[in-house]
Each structure stands twice: as C-alpha cells, then as structure tokens.
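Treat the numbers as computed from the prediction; the structure is a model and nothing was measured. Order of appearance sets the numbers: ligands from 1, and atoms from 1 within every ligand.
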Amino acid sequence: MIEFKNVAHTYGSSISVEGISFHVKSHEVVALLGPSGCGKSTILRLAAGLERPSAGEIWLEGRKVADNKSITRPEERGIGLVFQDYALYPHMTILDNVLFALGHRRSGNLTAAEKQARAMDALQKTHLDNVYDAMPHQLSGGQQQRVALARVLAPNPSLILLDEPFSGLDNRLKERIRDDMLHVLHDLGTAVILVTHDSDEAMFMADKLMVMEHGTIVQAGAPVDVFCRPHSAFVAEFFGEVNKITSTAKKGVIDTPFGEYPAGDIADGAAVTMIVRNDGLIVDPRGDEADAVVVETIMLGRYSIVHLELNWQPIGALHLHARMSGMQWFEAGTEVSLRLDASQVFLFSENHSIPSETMLDNADKLTN
Ligand code: ADP
Ligand code: MG
C-alpha cells in the first residue's frame with residue numbers, strides 16, 4: 001500500500017528523520033511508537049505529502065509519489081489524516097461535517113445524492129448514523145472522535161493516518177474509543193498508520209510496531225515480539241518502568257544484585273546493562289534468603305508497587321521496584337527474598353543483546 005525507501009527529511013538544516021524504510025499492507029494497522037520529538041509526525045506528514053523528503057522515495061499503491069525532486073500533492077494521494085486536534089465545525093450537523101470532507105476537488109465529480117450516500121455510509125461504519133442530524137456539542141468526546149474518523153473515511157482513502165488520535169480523551173473514554181476504533185478499522189480493511197507515544201495503545205491497536213528514537217526506526221516487528229525481544233535498553237524501557245543495573249562481564253558471568261548471572265557470549269570486560277521489568281522482580285516473603293528490605297508498599301488496586309532496598313557490594317544501597325498484580329502488602333522493614341521472571345530480564349552490552357529465550361535458560365540456573 002505505502003512504502004518508504006530509505007527516506008530522510010530535514011527542517012531547514014536540522015535532520016528530523018533519516019534512513020526510514022518500511023511498508024504497510026492493506027488491512028494492516030502499523031503503530032509508530034516513540035517519545036515526543038523523535039519524528040513520528042514527520043513520517044505521517046511525509047506519507048500525506050505535506051513534507052518533501054530530502055532523500056529516498058515514497059511509493060503509494062505501486063506509484064512513486066515523492067522523492068527529493070518531485071512530489072504528488074496531498075489531495076491526489078487518497079490518504080485520510082486524523083490529527084490529535086480533530087476540530088469539527090461547531091455550527092454544522094454531523095452529516096454536514098462529513099459532507100464537507102467530500103467537497104474537495106478529489107470528490108468533485110460526485111453528485112449531491114452520491115455524496116449524501118457516501119457520507120451516510122461513513123457514519124454507519126463508525127456507528128453514528130443515528131446521530132447524523134445532531135450538532136457536535138451534543139455528542140460525547142468519543143462520538144466526536146468517531147465523526148473525525150467518518151470524515152476521513154468518506155472519500156474512501158486507501159490509507160488512513162492517525163496522529164495521537166486519542167490523546168485528548170480521558171483514560172476511561174480512551175479505552176472504549178480505542179476498542180471501538182480498532183473494530184471499525186479492522187472491518188474496513190484499510191491500511192492504517194497510527195502514531196502514539198503510549199506503548200499500551202500501540203500494543204492494543206497494532207499488527208506491527210515500529211519503535212523510533214532520534215529520527216530513526218530502531219526496532220520493528222509484531223508487538224509481542226518487540227515487547228519480548230527488545231534490541232536495546234531504550235526499547236525495553238519504553239514499555240514501562242524497569243530496574244536498571246550496570247555491571248561488567250567477567251569470566252563468563254555478570255555480577256548482579258541477584259547473584260552471578262551467565263554472561264552468554266558477552267565479551268569479558270564488557271560493560272553490561274541489566275534491565276529487569278518491574279513485573280519481572282518477584283517478592284517472596286517466605287523465601288529462605290534475605291535479599292532485600294521492603295521500604296514501602298504502594299497499593300494501586302489492580303497492582304501494587306513494592307519499593308525495596310538491597311545492599312549490593314560494589315555499589316551500596318540499590319532502590320528497586322517490584323510490581324505485583326492485585327493487592328499485596330509488605331510491611332516496611334520486612335526482609336524478603338527476590339526472584340526474577342527471566343522473560344522480563346534483558347542484558348545489553350555495546351552492540352550486543354541477549355534475547356529472552358537465552359534468558360529463560362539462564363533463569364533456571366539462577367532461581368534453582
Ligand atoms: P514527534 O511527532 O515524534 O513528536 P516530530 O516529527 O513532530 O516528532 O518532530 C521531529 C523533530 O523535528 C523534532 O526535533 C521537532 O522539534 C522538529 N520539528 C518538527 N516540526 C518542525 C518544524 N515545522 N520546523 C522545524 N522543526 C520541526
Ligand atoms: Mg507528533
């Protein structure tokens with residue numbers, strides 16, 4: 001559907017994105033995930049034709065639509081864009097808001113009746129046909145969000161670009177709208193690129209994830225794959241809070257607060273970063289070793305965060321967080337044993353990472 005081939009872009013003299021290569025098929029929802037300023041919106045703007053690449057090529061449905069010399073105009077691309085700020089016209093009905101999107105040149109040869117039918121069809125797909133004659137202020141935030149989507153669907157785009165479309169919604173509403181939207185998008189079978197800085201949202205919505213850092217795609221793959229086999233500490237940390245421990249590989253092992261850990265093929269003397277997701281650190285009050293002392297427990301309802309202090313010889317006192325599901329309570333000062341869930345532990349050294357399968361083997365050695 002759309003393909004980027006080694007695309008770069010600059011704003012003035014500063015590089016915004018570089019070496020961007022990926023493709024999105026029809027029926028596929030691809031999420032671009034990364035921190036603010038990493039270049040996500042720029043990629044959408046390039047796809048839409050609002051920016052011109054400084055290098056590389058962009059192809060849409062088998063046609064080249066942009067390189068550093070020529071560019072196909074946005075209105076000739078058949079792409080629908082929903083931005084975070086999806087302002088509806090407050091003085092127009094829902095139907096008129098959608099019809100307005102069909103007023104552009106691209107749909108100019110449709111008769112009034114055809115436009116009406118297209119608009120109603122888009123409203124039906126987004127489950128808004130029963131409120132077609134309402135005014136925007138009469139609709140909930142979630143319904144308004146769907147009007148923005150209907151407006152984009154009406155001209156039958158082959159690709160839909162969503163730039164942080166849920167960030168203006170409160171949390172509970174967001175979950176419902178996301179769910180709604182996911183079903184609508186799956187039913188449509190249109191190719192979608194969704195931009196977000198929220199890893200839960202990306203995991204929930206996407207068939208494929210692309211993680212960005214400083215203007216480049218650092219990892220791409222199926223969401224579960226990226227989650228389970230992050231290629232860098234940056235990617236691992238992007239999915240939620242982690243404990244980060246630095247050490248050095250010596251004679252095939254790494255000295256860690258949790259004992260000696262097999263270094264795999266990490267070279268002797270290499271600096272190692274060990275990432276333990278908060279969910280991967282398991283507190284066992286009945287374990288036989290006193291590994292750490294509870295500093296504080298914070299119960300958040302669905303899960304609890306246990307703050308721990310652990311004395312680790314080379315460094316001194318380490319502060320660690322364990323996330324446990326449900327209501328868990330450990331009195332401050334309690335001595336506890338710690339275990340690791342190796343599927344949530346990752347080792348990184350310069351130019352090297354150990355995938356979690358290896359870690360699973362290692363874990364048996366460590367925890368037995
Ligand atoms: P994201 O959407 O991931 O937050 P953007 O694609 O908006 O990131 O921005 C990427 C980089 O380009 C940032 O460093 C940002 O400051 C810069 N940038 C974005 N828009 C412009 C602009 N119109 N002019 C100059 N620099 C810009
Ligand atoms: Mg952005």
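Each of the following atoms of ligand 1 lies closer than 4.0 Å to a heavy atom of S36: 4 (O). For ligand 1, the atoms sitting less than 4.0 Å from at least one non-hydrogen atom of S41 are 1 (P), 2 (O), 6 (O), 7 (O), numbered in the order shown with element in parentheses. Which parts of ligand 1 touch P35 is read off a 4.0 Å heavy-atom cut-off, strictly below it: atoms 3 (O).
Under 3.5 Å, the side chains of S247 and D255 contain no donor-acceptor pair of N or O atoms. E164 and H197 form a side-chain donor-acceptor contact under 3.5 Å, judged by distance and modelled atom types alone.
By the criterion of a separation under 2.8 Å, the protein N/O/S atoms near the Mg ion (ligand 2) amount to S41 OG.
Nearest approach of L110 to E114, heavy atoms of both residues: CA-OE1, 3.4 Å. Minimum heavy-atom separation, T190 to S158: CG2-O, 3.4 Å.
The protein heavy atom nearest to atom 19 (C) of ligand 1 is Y11 CE1, 3.4 Å. Of all protein heavy atoms, the one closest to atom 14 (O) of ligand 1 is G37 O, 3.7 Å.
When S16, G34, G39 are ranked by how near their heavy atoms come to atom 8 (O) of ligand 1, first place goes to G39.
One finds no salt bridge joining R323 and E241 here, because no Lys/Arg side-chain nitrogen approaches an Asp/Glu carboxylate oxygen to under 4.0 Å. Between E61 and R63 no salt bridge is recorded (no basic side-chain N to carboxylate O distance below 4.0 Å). Contact check on R146 versus D180 returns a salt bridge, with a Lys/Arg side-chain nitrogen under 4.0 Å from an Asp/Glu carboxylate oxygen. Of the charged side-chain nitrogens involved, at least one lies within less than 4.0 Å of a carboxylate oxygen, so that D198 and R178 count as a salt-bridged pair.
When hydrophobic residues (I, L, V, M, F, W, Y) are linked wherever their side-chain heavy atoms come within less than 4.5 Å, the members clustered with M203 are L33, L209, V211, V218, V226, F227, F234, V235, F238, F239.
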**Item:** Stepwise side-chain contact (heavy atoms from CB on, under 4.5 Å) test for I58 and I2
**Value:** CA-CA 7 Å; I58 300 170; I2 191 164; 4.2 Å; yes
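Under the 4.0 Å distance rule, the nearest protein heavy atom to atom 16 (O) of ligand 1 falls outside the cut-off.
At least one N or O atom of T42 sits closer than 3.5 Å to an N or O atom of ligand 1.
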